Amino acid sequence: MTETDCIFCKIIAGELPSTKIYENDTTLAFMDIGPIAKGHVLVVPKKHREMITDTEPEILAGIMTVTKMVSQAQIDGMNADGVNITQANGAVAGQVVPHLHFHVIPRFKDDGVDFNWQAQNYSDNEEMIEFAEKIKKEFRQNDLKR
Ligand code: AMP
Ligand code: ZN
């Protein structure tokens, strides 16, 4: 999908309707039309970026600031007891709209919302350390590139 047929780019450009709740120069927050809980908000960068790994740290910082504002507003304005923030990168991770978005979902005691998160096990501590090493070595390489 290119920027031209991206539904969130069209929302940002005002070519598709949306219920906006906040915007600044770089970030837009609007209501999700298929809420997992009422009050579910999406926070997106105004520039088309597909995944978190494609997105500049400064843009992400702006998104995270707005995500915090929305979370606080759900707690204060809707009397939410808590908030889930979730975000998918890539179809395999469940990303349907390929324009970076953070879901901000208000939560209430006994609301029945279920993310179906099932914990698995490592075979032993060594296996967990092997995975940790695969990730950690990339930090060192990426640090050199920046
Ligand atoms: P994801 O599965 O993480 O890519 O989430 C995409 C989200 O976008 C879903 O929660 C949809 O309900 C939401 N969505 C899709 N189209 C629109 C739209 N036109 N306006 C608001 N939310 C939308
Ligand atoms: Zn887009």
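The basis for the numbers below is simple: all heavy atoms, side chains too, and nothing from hydrogens, waters or symmetry mates. Being a predicted model, the structure only gives us computed values, none of them experimental. We count ligands from 1, going down the list as the structure has it; atoms in each ligand are counted the same way.
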Any atoms of ligand 1 less than 4.0 Å from a non-hydrogen atom of G94? List them with their elements.
1 (P), 2 (O)
Is it the side chain (CB and beyond), the backbone, both or neither of F8 that lies under 4.0 Å from ligand 1, heavy atoms counted?
side chain
shortest atom 15 (C) of ligand 1-to-protein heavy-atom contact is with I7 CD1, 4.0 Å
Looking at I105, is its backbone amide N or carbonyl O close enough to the side chain of N84 to form a donor-acceptor pair, meaning the two atoms are under 3.5 Å apart?
no
How wide is the angle at the Zn ion (ligand 2) spanned by H99 ND1 and C9 SG, rounded to 10 degrees?
110°
Can you report which non-hydrogen protein atom sits closest to atom 14 (N) of ligand 1, along with the distance?
I33 CG1, 4.0 Å
At less than 4.0 angstrom from any non-hydrogen atom of G34, what atoms of ligand 1 do you find?
12 (O)
So, for A88 and A93, which heavy atoms are closest and what is the spacing to 0.1 Å?
CB-O, 3.6 Å
Where does M31 meet ligand 1, judged by heavy-atom distances below 4.0 Å: at the side chain, the backbone, both, or neither?
backbone
Ligand-residue contact atoms, ligand 1 with H103, heavy atoms, under 4.0 Å
1 (P), 3 (O), 5 (O), 7 (C), 10 (O)
Using a 3.5 Å distance criterion without hydrogens, assess whether the side chain of K47 forms a donor-acceptor pair with backbone atoms of T55.
no
Note the single closest protein heavy atom to atom 9 (C) of ligand 1, along with its residue, its atom name and the distance in Å.
D32 OD2, 3.4 Å
Identify the two heavy atoms, one from P106 and one from D111, that lie closest to each other, and give their separation to 0.1 Å.
O-OD2, 4.3 Å
Can you tell me the protein heavy atom closest to atom 4 (O) of ligand 1 and the distance?
V96 N, 2.7 Å
Atom 6 (C) of ligand 1: the protein heavy-atom neighbour that sits closest, reported with distance to 0.1 Å:
H101 NE2, 3.5 Å
Does any non-hydrogen side-chain atom of V44 lie less than 4.5 Å from one of I63?
no
Please find out if less than 6.0 Å separates the ring center of H103 from that of H101.
yes
Would you call the rings of F131 and Y122 parallel, tilted or perpendicular, where under 30° means parallel and over 60° means perpendicular?
tilted
Correct closest heavy-atom pair for P17 and I11 would be O-CG1, 4.0 Å
Atoms of ligand 1, numbered as shown, that sit under 4.0 Å from any heavy atom of I11
18 (C), 19 (N), 20 (N)
Do any heavy atoms of L16 fall under 4.0 Å from ligand 1?
no
Vertex the Zn ion (ligand 2), arms to C6 SG and H48 ND1, rounded to 10°:
110°
If we only count heavy atoms from C-beta on, is the F102 to V70 side-chain gap below 4.5 Å?
no
